[in-house]
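A quick write-up on the structure given underneath.
Below, all heavy atoms of this structure are taken into account, side chains as well, without hydrogens, waters or symmetry copies. On a predicted model such as this, the values are computed, not experimentally measured, just so you know.
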Amino acid sequence: MSGRLTTHVLDISAGRPAAGLRLQLFALDEEGAPLLLRDVRTNADGRLDEPLLEGADKGNGLYEILFWVGDYFGSGDGEAGDPFLDWVPVRFRIADGNAHYHVPLLVAPGGYSTYRGS
């Protein structure tokens, strides 16, 4: 079984998936310098149509998903108003390239939560 990296974004202020939310995936080198790997938007279910990384593309190392929540909440897709959050960076380490890593984001205009899902 090959490993994969997936995500899911829920707009908990509206009680629905965060459709159309932009996110970027970066690989980080030893000094923390980012290399952009993906620049995508969530679908109607707040998910991506394919994994962020899969198989041979997913190696051990440090990664960051940058969620563009300020654009989402300021665009009319989410709750209207002046959002407190702009970007939500989630930095994590992949230690087993053969495992499934799921990084969900629960977000509202004033806060967020994330965890390693299944």
**Prompt:** For Y63, which of L53, L28, L52 qualifies under side chain to side chain contact (heavy atoms under 4.5 Å, CB included)?
**Reply:** L53
**Item:** ILVMFWY network linking V40 to Y72, side-chain heavy atoms under 4.5 angstrom
**Value:** yes
**Item:** Main-chain N/O of P17 paired with H8 side-chain donor or acceptor, under 3.5 Å
**Value:** no
**Asked** Side chain of K58, backbone of H100: donor and acceptor closer than 3.5 Å?
**Response** no
**Asked** How many angstroms lie between OG1 in T6 and NE2 in H102, if you round to the nearest 0.5 Å?
**Response** 4.5 Å
**Separation of E50 CD from N43 CG (nearest 0.5 Å)** = 11.0 Å
**Message:** Do I65 and L10 land in one hydrophobic cluster if side-chain heavy atoms of ILVMFWY residues count as linked below 4.5 Å?
**Reply:** no
**Message:** Under a 3.5 Å distance rule, please check whether R38 uses its side chain to pair with a backbone N or O of P51 as donor and acceptor.
**Reply:** yes
**Asked** Does R47 offer a backbone N or O that forms a donor-acceptor pair with the side chain of D45 under 3.5 Å?
**Response** no
**Prompt:** Can you tell me if R4 uses its side chain to pair, donor with acceptor, with the backbone of E54 under 3.5 Å?
**Reply:** no
**Request:** Look at the rings of W87 and W68 and say which category their plane angle falls in: under 30° parallel, 30 to 60° tilted, over 60° perpendicular.
**Result:** perpendicular
**Request:** Please answer: with hydrophobic residues joined when any side-chain heavy atoms are less than 4.5 Å apart, are V90 and L36 in the same cluster?
**Result:** no
**Message:** Show the nearest heavy-atom pair for residues D39 and Q24, with the distance to one decimal.
**Reply:** OD2-NE2, 3.1 Å
**Complete:** In terms of heavy-atom contacts, A44 and A19 come closest through CA-CB, 3.8 Å
**Request:** Evaluate the side-chain proximity of L48 to T7: yes if any heavy-atom separation is below 4.5 Å, no if none is.
**Result:** yes
**Request:** Let me see the working for F67 and L85 under side-chain contact (heavy atoms from CB on, under 4.5 Å), right down to the final yes or no.
**Result:** CA-CA 10 Å; F67 297 92; L85 298 170; over 6 Å; no
**Asked** Of all heavy-atom pairs between P34 and F26, which one has the smallest distance, and what is that distance?
**Response** CB-CD2, 3.6 Å
**Asked** Any donor and acceptor pair, going by atom type alone, linking the side chain of T42 with main-chain N or O of L21 inside 3.5 Å?
**Response** yes
**Complete:** Here the pair of heavy atoms bringing L106 nearest to I12 is CB-CG2, 4.0 Å
**Complete:** Closest heavy-atom pair, G117 versus P104, reported as atoms and distance to 0.1 Å, is N-CD, 3.9 Å
**Prompt:** Is the backbone N or O of L105 less than 3.5 Å from a side-chain atom of T114, with the two atoms forming a donor-acceptor pair by type?
**Reply:** no
**Asked** Mind checking whether Y115 and L5 sit in one hydrophobic cluster, side chains of I, L, V, M, F, W, Y counted as touching below 4.5 Å?
**Response** no
**Prompt:** Sub-3.5 Å donor-acceptor pair from the side chain of N60 to the main-chain atoms of G97, do we have one?
**Reply:** yes
**Message:** For residues V9 and V88: do they belong to one hydrophobic cluster (side chain heavy atoms under 4.5 Å, members Ile, Leu, Val, Met, Phe, Trp, Tyr)?
**Reply:** yes
**Asked** Taking the side chain from Y101 and the backbone from D96, do they hold a donor-acceptor pair closer than 3.5 Å?
**Response** yes
